[in-house]
Protein chains: 2
Amino acid sequence: MHWNLDQLACLLAAAEHGSFSAAARKLGKAQSAVSTAIAHLEVDLGLTLFERSGRTPTLTAAGAAMVSEAREILRQCDQLQGRALALASGEEPRLTLAVDEALPYPPLIDTLLALAERWPALELSLLNGAQAEIPHWVDDGTADLGVLFSQPTLPATLAVRQIARLSQTVIVAASHSLARRPTVRLSTLSRYRQLVVASPLGGNRQVRLSPRVWQLNSYYAIAELVAQGIGWALVPEHIAAYPMYRELLRRLTISELPDPPSVGVELVHRRAGAQGPIARWLQDELSARLSR
Amino acid sequence: MHWNLDQLACLLAAAEHGSFSAAARKLGKAQSAVSTAIAHLEVDLGLTLFERSGRTPTLTAAGAAMVSEAREILRQCDQLQGRALALASGEEPRLTLAVDEALPYPPLIDTLLALAERWPALELSLLNGAQAEIPHWVDDGTADLGVLFSQPTLPATLAVRQIARLSQTVIVAASHSLARRPTVRLSTLSRYRQLVVASPLGGNRQVRLSPRVWQLNSYYAIAELVAQGIGWALVPEHIAAYPMYRELLRRLTISELPDPPSVGVELVHRRAGAQGPIARWLQDELSARLSR
DNA sequence: AATACCCATCAGGAAAGCAGATAGCTCAAT
DNA sequence: ATTGAGCTATCTGCTTTCCTGATGGGTATT
């Protein structure tokens, strides 16, 4: 393989302009350069690319086949060059996104679809985690960007930005004795076991209404146990509406709290790490789609 | 774009072998050549491809992105080289196949599928024609290979090879008075209009059993008119079985001809034109599949 | 026949690429 | 701490490639 990209470019230009001279003018070279380039290419490939009987050379069938191969190669070279330019201007070659597994999926999926379309060559890693794992991954560099539920404390190295609030609801098993009443008082509720999200890493600032509390690091685990009748919990609406549990759960209205406290959704990234254009776009997009 | 394929090859080798020295050994070059090649590539792309702090260089994230782009380009270059080799050895860059539209489709389609898989880069043209058009197209160079029903006369410049025989049947409209009898005599048949294939170009050697004859150049047109009750015809089995007509047609048995004459299927190509490997393969494949 | 345009080839000079040598670095083993 | 193996960057001189501009010969149009 002794030929090079310049020779392919000559071939393409000659095929497109119909003559070596015109190709040379287009390429800003001397005619002799194009002529010898194509002659060498023909020797290297062992093919006659142009029929030179007439006034202007005409592509042979083999030449046409080589032109389409060459065109594809040069297109890919342009692509490499473009990619290099984008990377040089700070665009991320890869990105790791950490999201809390209990976030509503549709806006995340939509965002990722838009991301794939806009930056087809980006290498993405998506980490699903529970609660305090998210800021931890971002902090230690495992992830570049994190989306999580509001945490009581976060490492000081992280920049936080609240992007949405999700309304919550109190759930209990359909089979639970509490489920029989449409409205309950706080004092009634506090007699039963409450399940709250918390993790050994971060603290917990979720509202505690009952002295009898179990802590779990996943809303799904909470919903699962609540469905089994082990207690009640305050969870985001979309968790209560999750198809797998919906039949097994009932929502409670609390007389003192007709609108239970909402939970915030936050975006975090390292203060130190420079944000590339894709990360910035992703933040805006996630923010827009999650807050709708 | 000042970089070249050698530099991309150096990048790939260095990334794969973990050091410039190892890459140089693999490429059969001096270490300094690889070192400068990659240094120039970095300048041209405006990127740092390797982190050189440690004992051996390690790819940066941007470098990894460039490696995957470069790998694709070099793969395509190999492909071009391979294609050139095949073309130089006589493989056809493009092929035009002319087939009679009345041939049974499934074996043709199967052959074309196998062709597409085996020679993905081949440019194919498929011409559907009726009767004498096929040898005409092959003769004048419009097509390279033709598949047709036996013709009485063919240009002497063509090489012919019979590859199959298709059994035929006598058809008549379901509404036709002949359709009421399971078996008819030749003398009865000759009182009705017979439709035969023929074309102004070639003559006609199809069996004429009736003095009242219409000539058409397409079996489909014949089946259509027979279905309308305009007469009877001798056609290949698969035409009689064609879904669009099947309900409208009846088959007749002729007492003197319990097995009506079959019709041959032939392959033609120019004697002069050199047959490439794909054309030869195609002939064998068509022959095998049509004669099954 | 004249003109305009094209191609291949040649010679000389510029540019790029390469091998080999060398100096400085990192890492691991002693 | 020292030594040694292995690595990279850089320099020098040489070779090869590449380019331009000129020239001769071919083809189609006027």
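Chain letters run A, B, ... following the sequence lines, proteins first, then strands; residues in each count from 1. Excluded from the calculations below are hydrogen atoms, water molecules and symmetry mates; all remaining heavy atoms, backbone and side chain alike, are included.
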To the nearest 10°, let me know how far the axis at one end of the helix from C:dA1-D:dT30 to C:dT30-D:dA1 is tilted from the axis at the other, five pairs an end. 30°

If you look at every strand shown and take non-hydrogen atoms under 4.0 Å, does B:Ser19 touch a base, only sugar-phosphate, or nothing? sugar-phosphate

For atom NE2 of A:His2 and atom P of D:dT16, their distance in whole Å: 13 Å

Output all residues satisfying side-chain contact (heavy atoms from CB on, under 4.5 Å) with A:Ala9, sequence neighbours left out; order by chain, then residue number. A:Leu74

Pull out every protein N or O sitting under 3.5 Å from an N or O of nucleotides 26-28 of chain C, one pair per line with the distance.
unit_1, atom_1, unit_2, atom_2, d
C:dT26, O3', B:Arg55, N, 3.3

Kindly write out the residues that satisfy ring-ring contact (aromatic ring centres under 6.0 Å, His included) with A:Trp137, not counting sequence neighbours, or none if the list is empty. none

Scan the side chains in residues 32-39 of chain B for donor-acceptor partners under 3.5 Å anywhere in the protein, sequence neighbours excluded, and list what turns up.
unit_1, atom_1, unit_2, atom_2, d
B:Thr36, OG1, B:Ser32, O, 3.0
B:Thr36, OG1, B:Ala33, O, 3.0

Could you go through residues 56-66 of chain A and list every donor-acceptor pair under 3.5 Å that involves a side-chain atom there, pairing it with any protein atom two or more places apart or in another chain?
unit_1, atom_1, unit_2, atom_2, d
A:Thr60, OG1, A:Thr48, O, 2.7
A:Thr60, OG1, A:Leu49, O, 3.1
A:Thr60, OG1, A:Gly63, N, 2.9

Whole-Å distance, B:Phe50 CZ to D:dC7 P, equals 14 Å

Give me the distances for all protein-to-nucleotides 18-21 of chain D N/O pairs that come in under 3.5 Å?
unit_1, atom_1, unit_2, atom_2, d
D:dC18, OP1, A:Asn4, ND2, 3.2
D:dC19, OP1, A:Lys29, NZ, 3.0
D:dT20, OP2, A:Ala30, N, 2.8
D:dG21, O6, A:Ser32, OG, 2.9

I need the full list of ring pair (Phe, Tyr, Trp, His ring centres under 6.0 Å) pairs touching residues 26-70 of chain B, with sequence neighbours left out, sorted by first then second residue. B:Phe20-B:Phe50

Quick one: list whatever passes ring-ring contact (aromatic ring centres under 6.0 Å, His included) with B:Tyr220, sequence neighbours left out. B:Tyr242

Any salt bridge (charged side-chain N to carboxylate O under 4.0 Å, His left out) involving residues 65-82 of chain A? Give me the pairs, sequence neighbours left out, ordered by first then second residue. A:Glu16-A:Arg71, A:Glu69-B:Arg83, A:Glu72-A:Arg75

Picking from D:dT8, C:dC6, C:dA8, the nucleotide nearest the side-chain atoms of A:Phe20 would be C:dA8

Write down the distance between CG (B:Leu49) and P (D:dA9), rounded to a whole number of angstrom. 12 Å

Apply side chain to side chain donor-acceptor pair (under 3.5 Å) to B:Trp3 and A:Gln81, showing your working. CA-CA 10 Å; B:Trp3 43 270; A:Gln81 182 67 56; 2.8 Å; yes

Hey, does the side chain of B:Thr56 come within less than 4.0 Å of D:dT8's phosphate (OP1/OP2), counting only N and O? no

What is the nucleic acid contact for A:Ser21, judged by heavy atoms within less than 4.0 Å: base, sugar-phosphate only, or nothing? sugar-phosphate

Heavy-atom distance under 4.5 Å between the side chains of A:Ile73 and A:Gln76, does that happen here? no

Using a 4.0 Å cut-off on heavy atoms, which residues in residues 8-15 of chain B reach DNA chain D? List them by number, or say none. none

If only atom types and distance count, is the side chain of B:Asn217 paired as donor or acceptor with the main-chain N or O of B:Ala198 below 3.5 Å? no

I'd like to know if A:Asp284 and A:Arg161 make a salt bridge, using a cut-off of under 4.0 Å between side-chain N and carboxylate O. yes

Measure the distance from CD on B:Glu51 to C1' on D:dC7 and round it to the nearest whole Å. 15 Å

Could you give all pairs that pass the salt bridge (charged side-chain N to carboxylate O under 4.0 Å, His left out) test and reach residues 44-64 of chain A, with sequence neighbours left out? A:Glu42-A:Arg52

Answer yes or no: is there an ion pair linking A:Arg270 with A:Asp144, defined by an N-O contact shorter than 4.0 Å? yes

